[in-house]
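All values below come from the heavy atoms of this structure, side chains included, with hydrogens, waters and symmetry mates left out. It should be emphasised that the depicted structure is a prediction, and the values quoted were computed from it without experimental measurement.
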Protein chains: 2
Amino acid sequence: MAKKDVPSKVTIVEVAEKAGVSLGTVSRVMNNDIHVAPDTRERVAAVMREMGYVANRQARGLKGSRTNVIGVLAPDLGTGYIGEILHGIDTELGLHQFDLMLFTTHRTAIKEANYVANLVKGMVDGLLLILPRNPADYTGILTNANFPFVLIDHQGTGSLCPAVGATNWQGAYNATEYLIKLGHKRIGFITGSMDLGAAIDRLDGYKSALQVHHIPEDPQLIYEGTFFQPDGYAGGSALLDLDDPPTAIFASNDVMAMGAMDAIRGRGLRIPEDVSILGFDDIPQSAMVRPALTTVRQPLEHMGRLATQMLIDQLKNPEKGIDRVELPTQLIVRDSTLSPKDRAG
Amino acid sequence: MAKKDVPSKVTIVEVAEKAGVSLGTVSRVMNNDIHVAPDTRERVAAVMREMGYVANRQARGLKGSRTNVIGVLAPDLGTGYIGEILHGIDTELGLHQFDLMLFTTHRTAIKEANYVANLVKGMVDGLLLILPRNPADYTGILTNANFPFVLIDHQGTGSLCPAVGATNWQGAYNATEYLIKLGHKRIGFITGSMDLGAAIDRLDGYKSALQVHHIPEDPQLIYEGTFFQPDGYAGGSALLDLDDPPTAIFASNDVMAMGAMDAIRGRGLRIPEDVSILGFDDIPQSAMVRPALTTVRQPLEHMGRLATQMLIDQLKNPEKGIDRVELPTQLIVRDSTLSPKDRAG
DNA sequence: CTGTTAGCGCATTCAG
DNA sequence: CTGAATGCGCTAACAG
């Protein structure tokens, strides 16, 4: 095998030599600096193309300037939920010629917010935080360091920082109201991890709808879960075992709703004739399960895209005020919900 | 709030000063160089911890040494399929203190293999290629540059390079044979993108099983798809419209199987009583659709983990021979398949 | 408009 | 065992 070196060996100096200019000029051409004569620019560009020159990002980053890489911090990749958001991010990033660096926080080392701050120094131009567990840990440092970032799906805490989320409260309110209008009076609720703002908002929306419609809140009807499927099963089971079981169950996300569906069926009950079930998120498989799940759609991909846009905006206009956006959720009625009066007595 | 500067401002020089040594020594401590007196090492380490020092990867990478970042090239993030593999990669990477840099090839710029080679120069220590469209484009350059990489799910081409895949041929063979033993004689097949090795292998497995069991191959029963759901619907429809329609349909992946299920139901036919349906991959929702999908499980996450291990191995032992691994697939029988004789005449 | 120069933070010789 | 010096590839002043 011929001992050939990495083709990437082409450096700015070689381009400069071959084009008969100084390396400074080449740099200017690369960065679209206006102070270059058109024909010089042309010539240099040609040489760059010819030699297959690609800038070394390390060196560029070292100087403290733009890396054109955006960092994404995500809890993990296990659920399709994160995947949808990532997809949106990636799509938008592609439009702007940015690359993506993904860090998953389930690794112990990265758990320390300080580590993150250091890590990203120079590596990425900005940070997208998906569902951070303790957002305050990061936001403090990041804000302090004046480092651009946007929170995704976590507008819970009070501190003011750029974030995009969904109208969790409104979505849960609407869904609960829909159930009430269907005639349900005993509506079970399975919460998400209560340390997440979204979970709190959804529970609040549920409670508010109940209250507005003068249905007393029954603590027995609220089961605390953590957004994972087994909690849905456990929650569904617990709710169904009540002396006066609910006629409908509203789970704080789709995977828990599916867990609850298993619990319902496991007891020989029918969906939706005996028990209605409603989820949150509208992940792809919700449309595919039988019966198809009625749920509250969260525009995950859109959230990813928007957050990315906001971040890139920040990068371009560092002085612009920060904004927090809430994208609307939408009730998607499918086959898992029905009026309780339709039940065979 | 105290006006604190970026914590990341801590550099090797400052650690050196505070520890009363030269920056060279600090560097040695960081890199576990043996030539450091135990107590010196201790002292320096303490200062590093105290100051929250974290090495700047850019600078380190610039020098041509390890970056502890692995690059992943994936076609896109749209399907859960890639997500599963990524999850495996990420998990394994976490175990070895590597970070992950993700590039998606649906972006035009990155399509050029040369660009990739240049790009990764110094940025990542190795590359994981998921389902590359034209693997030869990359493997040539990468091999030539002596750059460590592993192909995932693409062992199709002849060139010898490290790869992990699944036994696509065997999986398709077994599944087809299972259908035949159930009594099916007319088995429709929906292919994947035929430019992918996996798709070819699956089709071949199907054909071989037919041949072994002396069932004539009927070109009409083979519909060419591209691994996306709409193809499943179109393929299912086309197959069902045949004068002598199949009693079972085997789709080259689960999402196409689900598309086909829609087509079947759209014609008022029942699954599996009227038509059996079988998929490939065993993505999460396959267990959740009704009827639950019989499918060939591909150990996606495991493939991701294994490929990562192989890559890290390469990094540690550059001289080791390359190996290609095929992980076994497994037939998962669920509710979407039945003997044709059970059909109501 | 273009060339020159000084670092960015670190790994690595090379001397002690 | 440790310190000093050199340069990785590039950007950003600063001069012309």
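For the OP1/OP2 pair of C/dA11 and a distance below 4.0 Å, the side-chain nitrogens and oxygens of B/N31 include at least one atom meeting the criterion.
Axis angle between the ends of the helix from C/dC1-D/dG16 to C/dG16-D/dC1, five pairs each and rounded to 10 degrees, works out to 40°.
Rounded to an integer number of Å, the gap from CG of A/N56 to C1' of D/dC10 is 8 Å. Between the CG atom of A/D125 and the P atom of D/dT11 there is a distance of 13 Å, given to the nearest Å. In this structure, B/H35 atom NE2 and C/dT13 atom P are separated by 12 Å, rounded to whole Å. In this entry the distance linking CD1 of A/I12 with C1' of C/dT2 reads 14 Å, nearest Å.
Applying the side-chain hydrogen bond (donor to acceptor under 3.5 Å, both in side chains) test to A/D195 and every residue at least two apart in sequence or in another chain returns A/R133. Scanning for side-chain hydrogen bond (donor to acceptor under 3.5 Å, both in side chains) contacts around A/D313 gives A/K320, with sequence neighbours left out.
Near DNA chain D, meaning a heavy atom under 4.0 Å from it, residues 38-48 of chain B has B/T40 in order of number. In the region residues 21-30 of chain A, proximity to DNA chain C at under 4.0 angstrom, judged on heavy atoms, holds for A/V21, A/S22, A/L23, A/G24, A/T25, A/R28.
Residue pairs that meet the salt bridge (charged side-chain N to carboxylate O under 4.0 Å, His left out) test with at least one member in residues 19-31 of chain B, sequence neighbours left out, do not exist here.
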Kindly indicate, with the supporting measurements, whether the criterion side-chain contact (heavy atoms from CB on, under 4.5 Å) is fulfilled by B/L95 and B/E92.
CA-CA 5 Å; B/L95 260 36; B/E92 192 64 29; 4.0 Å; yes
